[in-house]
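Here's the structure we're looking at; comments come further down.
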Amino acid sequence: MRSPAVDQDVKDALSELMVFTSEVLGSDGARAKLRHEQNGFALMFGGAGGFLTPNVADVRSPILLALHAAGGCETRAVDLLAEAPDMPSARKMLQIVAQDPVAQARFFIFSMQLFCEH
């Protein structure tokens with residue numbers, strides 16, 4: 001794009017396309033807008049001191065089994081208060097997640113709410 005061989009009309013059209021797509025989630029225009037906002041915030045408030053990314057392991061959580069059982073699906077009873085509850089195998093947990101995506105989504109929402117509140 002920065003090459004002098006590219007026609008100026010093409011450069012102008014692509015520049016305007018970036019502006020028009022800045023509100024389309026996942027587009028190049030939206031990513032450019034976010035990048036500009038982040039740079040502006042860094043200039044105004046200073047760089048981020050750190051960041052935190054939650055990693056919720058749904059296939060290792062007894063809470064997912066409780067949500068799966070609450071949906072009326074067959075499952076074994078899991079003691080949520082136990083230090084190391086008796087859990088199904090990793091393969092079985094993956095099958096449960098594949099069969100019950102609603103329980104997985106509810107677990108994710110629940111985990112994110114806990115993460116943000118506490």
Side-chain angles (χ1 to χ4, degrees):
M1 286 301 302
R2 296 185 179 162
S3 169
V6 177
D7 187 41
Q8 186 60 39
D9 290 336
V10 173
K11 291 180 183 180
D12 292 342
L14 287 175
S15 177
E16 289 181 20
L17 183 65
M18 292 288 277
V19 172
F20 293 143
T21 61
S22 67
E23 297 299 322
V24 179
L25 188 64
S27 68
D28 286 340
R31 285 194 294 271
K33 179 182 175 189
L34 285 174
R35 192 169 46 251
H36 294 310
E37 286 177 358
Q38 290 169 348
N39 289 337
F41 283 136
L43 289 172
M44 182 176 264
F45 303 113
F51 63 92
L52 185 64
T53 304
N55 182 10
V56 292
D58 51 4
V59 294
R60 296 189 184 121
S61 176
I63 297 172
L64 178 74
L65 288 177
L67 291 171
H68 179 64
C73 301
E74 54 82 22
T75 188
R76 71 173 86 176
V78 176
D79 182 12
L80 295 177
L81 299 177
E83 183 71 28
D86 183 35
M87 296 285 291
S89 67
R91 183 180 181 94
K92 179 65 177 168
M93 288 297 291
L94 288 170
Q95 289 173 347
I96 288 171
V97 167
Q99 292 169 353
D100 192 3
V102 173
Q104 182 186 22
R106 291 176 65 207
F107 172 77
F108 179 79
I109 291 169
F110 177 70
S111 299
M112 289 299 101
Q113 286 174 336
L114 286 177
F115 177 79
C116 291
E117 290 174 10
H118 302 286

ILVMFWY cluster, Phe108 and Leu67 together (side-chain gap under 4.5 Å): yes
Check: Ser27 main-chain N/O paired with Thr21 side-chain donor or acceptor under 3.5 Å: no
Solution key, residues 29-43 side-chain donor-acceptor pairs under 3.5 Å, sequence neighbours excluded:
unit_1, atom_1, unit_2, atom_2, d
Arg31, NH1, Gly26, O, 2.6
Arg31, NH2, Asp28, OD1, 2.3
Lys33, NZ, Glu23, OE2, 2.5
Asn39, ND2, Arg35, O, 3.3

Residue pairs passing the side chain to side chain donor-acceptor pair (under 3.5 Å) test where at least one lies in residues 44-63, sequence neighbours excluded: Asp58-Gln104
Common cluster, Ile96/Leu94, ILVMFWY with side-chain heavy-atom separation under 4.5 Å: yes
Euclidean distance, His68 NE2 relative to Asp100 CG, rounded to 0.5 Å: 5.5 Å
Could you list the donor-acceptor pairs under 3.5 angstrom formed between side-chain atoms of residues 109-118 and any protein atom two or more places apart in sequence or on another chain?
unit_1, atom_1, unit_2, atom_2, d
Ser111, OG, Phe107, O, 2.9

Minimum heavy-atom distance Leu65-Met93, with the two atoms named: CD2-SD, 3.6 Å
Between CG on residue Asp12 and CG on residue Asp7, distance to nearest 0.5 Å: 8.5 Å
Co-membership, hydrophobic cluster, residues Leu14 and Val6, 4.5 Å side-chain: yes
Nearest atoms (heavy-atom pairs only) where Ile63 meets Leu80: N-CD2, 3.9 Å
